[in-house]
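Just below is one structure, and these are the notes that go with it.
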Amino acid sequence: DTGVSQDPRHKITKRGQNVTFRCDPISEHNRLYWYRQTLGQGPEFLTYFQNEAQLEKSRLLSDRFSAERPKGSFSTLEIQRTEQGDSAMYLCASSLGQSDLGYTFGSGTRLTVV
Amino acid sequence: AQSVTQLGSHVSVSEGALVLLRCNYSSSVPPYLFWYVQYPNQGLQLLLKYTSAATLVKGINGFEAEFKKSETSFHLTKPSAHMSDAAEYFCAVSDPGNKLVFGAGTILRVKS
(Lines give C-alpha, C1' and ligand atoms only; values in the text may rest on other atoms or scores of the structure.)
Protein backbone atom coordinates (compact mmCIF):
# COMPACT_ATOMS: atom_id res chain seq x y z
CA ASP A 1 0.00 0.00 0.00
CA THR A 2 1.80 3.08 -1.28
CA GLY A 3 -1.03 5.50 -0.53
CA VAL A 4 -2.65 7.90 -2.97
CA SER A 5 -0.23 9.47 -5.45
CA GLN A 6 -0.79 12.70 -7.32
CA ASP A 7 1.25 14.10 -10.15
CA PRO A 8 2.51 16.75 -10.57
CA ARG A 9 2.88 18.28 -7.11
CA HIS A 10 3.05 21.76 -8.53
CA LYS A 11 1.97 23.23 -11.84
CA ILE A 12 2.36 26.80 -13.07
CA THR A 13 0.56 27.60 -16.27
CA LYS A 14 -0.39 30.62 -18.29
CA ARG A 15 -4.00 31.66 -18.49
CA GLY A 16 -5.75 29.96 -21.38
CA GLN A 17 -3.57 26.85 -21.38
CA ASN A 18 -4.87 23.35 -20.69
CA VAL A 19 -3.59 21.29 -17.78
CA THR A 20 -4.03 17.67 -16.76
CA PHE A 21 -3.49 16.14 -13.35
CA ARG A 22 -3.17 12.47 -12.50
CA CYS A 23 -4.21 10.54 -9.42
CA ASP A 24 -3.28 6.96 -8.58
CA PRO A 25 -5.50 5.67 -5.77
CA ILE A 26 -4.82 2.85 -3.34
CA SER A 27 -5.10 -0.21 -5.56
CA GLU A 28 -7.99 -1.96 -3.83
CA HIS A 29 -10.07 1.21 -3.40
CA ASN A 30 -13.04 1.36 -5.74
CA ARG A 31 -14.04 4.97 -5.05
CA LEU A 32 -12.02 7.97 -6.16
CA TYR A 33 -12.80 11.59 -5.35
CA TRP A 34 -11.55 14.96 -6.57
CA TYR A 35 -11.69 18.01 -4.32
CA ARG A 36 -10.50 21.60 -4.76
CA GLN A 37 -9.09 23.63 -1.90
CA THR A 38 -8.47 27.36 -2.03
CA LEU A 39 -6.57 29.38 0.56
CA GLY A 40 -8.43 29.61 3.84
CA GLN A 41 -11.14 27.17 2.81
CA GLY A 42 -11.89 23.55 3.38
CA PRO A 43 -11.83 21.09 0.49
CA GLU A 44 -14.80 21.44 -1.87
CA PHE A 45 -16.17 18.41 -3.65
CA LEU A 46 -15.76 18.29 -7.42
CA THR A 47 -16.61 14.77 -8.55
CA TYR A 48 -16.31 11.11 -7.69
CA PHE A 49 -16.05 7.74 -9.37
CA GLN A 50 -17.04 4.29 -8.35
CA ASN A 51 -14.82 2.06 -10.40
CA GLU A 52 -14.89 3.62 -13.87
CA ALA A 53 -18.31 5.24 -13.52
CA GLN A 54 -18.50 8.95 -12.71
CA LEU A 55 -21.42 9.03 -10.28
CA GLU A 56 -21.64 12.67 -9.24
CA LYS A 57 -20.35 16.05 -10.36
CA SER A 58 -20.48 19.28 -8.42
CA ARG A 59 -21.84 22.50 -9.88
CA LEU A 60 -18.29 23.76 -9.30
CA LEU A 61 -17.19 21.55 -12.16
CA SER A 62 -17.76 23.82 -15.13
CA ASP A 63 -17.67 22.72 -18.75
CA ARG A 64 -13.94 23.45 -18.81
CA PHE A 65 -13.32 20.63 -16.32
CA SER A 66 -13.40 16.98 -17.21
CA ALA A 67 -12.43 13.91 -15.23
CA GLU A 68 -11.93 10.34 -16.28
CA ARG A 69 -11.11 7.07 -14.64
CA PRO A 70 -10.53 4.55 -17.41
CA LYS A 71 -10.59 0.93 -16.31
CA GLY A 72 -11.36 2.01 -12.75
CA SER A 73 -7.73 2.55 -11.83
CA PHE A 74 -5.97 5.94 -12.07
CA SER A 75 -7.89 9.11 -12.77
CA THR A 76 -7.14 12.31 -14.65
CA LEU A 77 -8.58 15.77 -14.13
CA GLU A 78 -8.25 18.15 -17.07
CA ILE A 79 -8.89 21.85 -17.00
CA GLN A 80 -9.22 23.55 -20.37
CA ARG A 81 -8.62 27.25 -21.02
CA THR A 82 -7.41 27.84 -17.48
CA GLU A 83 -8.40 31.03 -15.64
CA GLN A 84 -6.76 32.71 -12.68
CA GLY A 85 -9.69 31.62 -10.53
CA ASP A 86 -8.68 28.01 -11.14
CA SER A 87 -5.58 28.52 -8.98
CA ALA A 88 -6.00 26.13 -6.08
CA MET A 89 -4.86 22.86 -4.56
CA TYR A 90 -6.50 19.91 -6.27
CA LEU A 91 -6.83 16.96 -3.94
CA CYS A 92 -7.53 13.37 -4.85
CA ALA A 93 -8.79 10.82 -2.35
CA SER A 94 -9.84 7.20 -2.48
CA SER A 95 -11.91 4.89 -0.33
CA LEU A 96 -13.02 1.29 -0.19
CA GLY A 97 -16.77 1.43 -0.51
CA GLN A 98 -18.79 4.11 1.16
CA SER A 99 -17.45 7.19 2.87
CA ASP A 100 -18.10 5.96 6.41
CA LEU A 101 -14.59 4.56 6.43
CA GLY A 102 -13.10 7.94 5.64
CA TYR A 103 -10.94 8.81 2.71
CA THR A 104 -7.21 8.49 2.12
CA PHE A 105 -5.95 11.70 0.55
CA GLY A 106 -3.03 12.32 -1.74
CA SER A 107 -0.65 15.22 -1.22
CA GLY A 108 -2.40 17.30 -3.84
CA THR A 109 -1.45 19.22 -6.96
CA ARG A 110 -1.04 22.96 -6.48
CA LEU A 111 -2.06 24.84 -9.61
CA THR A 112 -1.02 28.43 -10.17
CA VAL A 113 -2.45 30.22 -13.19
CA VAL A 114 -0.51 33.35 -14.17
CA ALA B 1 -28.11 18.79 2.84
CA GLN B 2 -25.40 18.26 5.35
CA SER B 3 -23.03 21.06 6.43
CA VAL B 4 -20.32 21.76 8.98
CA THR B 5 -19.46 24.89 10.92
CA GLN B 6 -16.09 25.22 12.61
CA LEU B 7 -16.06 27.95 15.23
CA GLY B 8 -12.84 29.92 15.19
CA SER B 9 -10.62 30.05 12.12
CA HIS B 10 -7.55 30.38 14.37
CA VAL B 11 -6.90 28.91 17.82
CA SER B 12 -3.75 29.56 19.82
CA VAL B 13 -2.69 27.54 22.86
CA SER B 14 0.44 27.19 24.93
CA GLU B 15 2.41 23.99 24.80
CA GLY B 16 0.99 21.61 27.42
CA ALA B 17 -2.41 23.31 27.49
CA LEU B 18 -5.76 21.80 26.53
CA VAL B 19 -6.67 21.89 22.86
CA LEU B 20 -10.36 22.39 22.01
CA LEU B 21 -11.46 22.77 18.39
CA ARG B 22 -15.18 23.23 17.84
CA CYS B 23 -17.35 21.66 15.18
CA ASN B 24 -21.12 21.78 14.74
CA TYR B 25 -22.89 19.87 12.03
CA SER B 26 -26.19 19.87 10.24
CA SER B 27 -27.54 16.66 8.81
CA SER B 28 -30.97 15.33 7.99
CA VAL B 29 -30.02 11.79 8.94
CA PRO B 30 -27.66 10.30 11.55
CA PRO B 31 -24.30 11.47 10.32
CA TYR B 32 -20.83 10.09 10.04
CA LEU B 33 -18.34 12.63 11.36
CA PHE B 34 -14.63 13.00 10.83
CA TRP B 35 -11.67 15.12 11.87
CA TYR B 36 -8.74 15.52 9.50
CA VAL B 37 -5.41 17.29 9.98
CA GLN B 38 -3.45 19.04 7.24
CA TYR B 39 0.17 20.11 7.45
CA PRO B 40 1.48 22.78 5.04
CA ASN B 41 1.54 21.69 1.40
CA GLN B 42 0.28 18.24 2.25
CA GLY B 43 -2.93 16.31 1.86
CA LEU B 44 -5.36 15.57 4.67
CA GLN B 45 -4.75 12.85 7.24
CA LEU B 46 -7.61 11.17 9.08
CA LEU B 47 -7.45 11.79 12.85
CA LEU B 48 -10.63 10.04 13.93
CA LYS B 49 -14.18 9.20 12.89
CA TYR B 50 -17.60 8.70 14.42
CA THR B 51 -19.84 6.14 12.73
CA SER B 52 -22.64 5.62 15.30
CA ALA B 53 -20.78 3.37 17.70
CA ALA B 54 -19.29 4.89 20.88
CA THR B 55 -19.96 8.60 21.26
CA LEU B 56 -16.44 9.26 22.57
CA VAL B 57 -14.00 8.54 19.79
CA LYS B 58 -10.27 8.24 20.25
CA GLY B 59 -7.93 9.00 17.39
CA ILE B 60 -4.28 9.24 16.60
CA ASN B 61 -1.74 11.52 18.31
CA GLY B 62 -3.76 11.68 21.54
CA PHE B 63 -6.79 13.42 20.05
CA GLU B 64 -10.36 12.50 20.85
CA ALA B 65 -13.81 13.83 20.00
CA GLU B 66 -17.24 13.45 21.54
CA PHE B 67 -20.43 13.19 19.50
CA LYS B 68 -23.29 15.09 21.16
CA LYS B 69 -26.51 14.67 19.24
CA SER B 70 -28.45 17.12 21.41
CA GLU B 71 -25.93 19.84 20.64
CA THR B 72 -25.19 18.67 17.06
CA SER B 73 -21.53 18.96 17.97
CA PHE B 74 -18.36 16.96 17.45
CA HIS B 75 -15.62 18.94 19.18
CA LEU B 76 -11.98 17.81 19.01
CA THR B 77 -9.85 17.81 22.15
CA LYS B 78 -6.38 16.93 23.31
CA PRO B 79 -5.37 17.22 26.97
CA SER B 80 -1.87 18.56 26.37
CA ALA B 81 -0.76 20.38 23.23
CA HIS B 82 2.56 19.62 21.62
CA MET B 83 4.45 21.81 19.18
CA SER B 84 3.99 19.16 16.50
CA ASP B 85 0.19 19.62 16.74
CA ALA B 86 0.44 22.97 14.95
CA ALA B 87 -1.52 22.44 11.72
CA GLU B 88 -4.91 23.05 10.17
CA TYR B 89 -7.79 20.88 11.30
CA PHE B 90 -10.93 20.11 9.33
CA CYS B 91 -14.20 18.67 10.52
CA ALA B 92 -16.28 16.79 7.94
CA VAL B 93 -19.72 15.21 7.79
CA SER B 94 -21.14 12.50 5.58
CA ASP B 95 -24.54 10.98 5.19
CA PRO B 96 -24.01 7.23 5.08
CA GLY B 97 -22.81 6.28 1.67
CA ASN B 98 -22.31 9.80 0.40
CA LYS B 99 -19.40 12.17 -0.05
CA LEU B 100 -17.71 14.14 2.71
CA VAL B 101 -18.54 17.81 3.25
CA PHE B 102 -15.81 19.77 5.00
CA GLY B 103 -15.80 22.79 7.26
CA ALA B 104 -13.63 25.82 6.55
CA GLY B 105 -10.90 24.64 8.90
CA THR B 106 -9.24 25.83 12.10
CA ILE B 107 -5.56 26.70 12.20
CA LEU B 108 -4.02 25.61 15.49
CA ARG B 109 -1.00 27.51 16.74
CA VAL B 110 1.02 26.13 19.65
CA LYS B 111 3.16 28.61 21.60
CA SER B 112 6.26 27.52 23.45
Side-chain angles (χ1 to χ4, degrees), chain A residues 2-11 21 23-26 29-50 54-61 88-112, chain B residues 1-10 21-25 27 29-53 57 59-60 63 65 67 74 76 87-107:
Chain A
T2 57
V4 177
S5 298
Q6 291 189 246
D7 184 67
R9 290 293 308 276
H10 304 274
K11 179 70 177 178
F21 309 141
C23 172
D24 287 88
I26 293 173
H29 285 185
N30 59 345
R31 285 199 174 187
L32 185 149
Y33 307 82
W34 285 100
Y35 280 75
R36 181 173 69 186
Q37 185 179 21
T38 53
L39 201 61
Q41 298 296 318
E44 297 172 295
F45 171 78
L46 292 178
T47 187
Y48 89 92
F49 294 83
Q50 179 156 305
Q54 189 173 18
L55 296 187
E56 187 174 347
K57 292 194 292 186
S58 164
R59 295 175 193 172
L60 293 175
L61 215 64
M89 175 78 88
Y90 290 84
L91 293 165
C92 176
S94 68
S95 71
L96 180 61
Q98 298 177 347
S99 60
D100 56 304
L101 298 177
Y103 302 167
T104 301
F105 279 87
S107 297
T109 294
R110 181 166 297 283
L111 173 67
T112 303
Chain B
Q2 61 271 45
S3 65
V4 168
T5 301
Q6 291 185 240
L7 300 175
S9 59
H10 291 78
L21 304 182
R22 300 178 186 274
C23 172
N24 289 89
Y25 70 91
S27 177
V29 296
Y32 294 165
L33 293 157
F34 304 81
W35 276 99
Y36 282 83
V37 61
Q38 185 178 35
Y39 297 98
N41 297 313
Q42 294 189 25
L44 281 72
Q45 180 183 9
L46 181 65
L47 275 178
L48 49 78
K49 62 185 180 219
Y50 166 77
T51 57
S52 75
V57 180
I60 62 172
F63 284 94
F67 172 70
F74 190 57
L76 182 70
E88 189 161 18
Y89 293 80
F90 294 94
C91 183
V93 64
S94 168
D95 291 341
N98 293 334
K99 61 185 180 294
L100 296 188
V101 175
F102 288 85
T106 298
I107 294 173

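The structure presented is a predicted model; accordingly, all values stated were derived computationally and were not measured. Throughout, protein chains are lettered first and strands after them, A, B, ... in sequence-line order, and every chain is numbered starting at 1.
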Choice from Gly108(A), Gly106(A), Gly40(A) maximising heavy atom contacts with chain B below 4.5 Å: Gly106(A)
Engaged part of Gln6(A) at the chain B interface, taking heavy atoms whose separation is under 4.5 Å: neither
Any donor-acceptor N/O pair, Tyr103(A) side chain to Leu100(B) backbone, under 3.5 Å: yes
Chain B contacts, top residue of His10(A), Arg110(A), Met89(A), Gln41(A) (heavy-atom pairs, under 4.5 Å): Gln41(A)
Heavy atoms of other groups near Ile60(B) CD1, more than 12 under 6.0 Å: yes
Residue pair Leu44(B) / Tyr35(A), side-chain heavy-atom distance below 4.5 Å: no
Which portion of Gln6(B) sits near chain A, non-hydrogen atoms under 4.5 angstrom: neither
From Lys99(B) atom NZ to Tyr48(A) atom OH, the distance as rounded to the nearest 0.5 Å: 8.0 Å
Taking every non-hydrogen atom, the tightest pair across Gln37(A) and Phe90(B): NE2-CZ, 3.2 Å
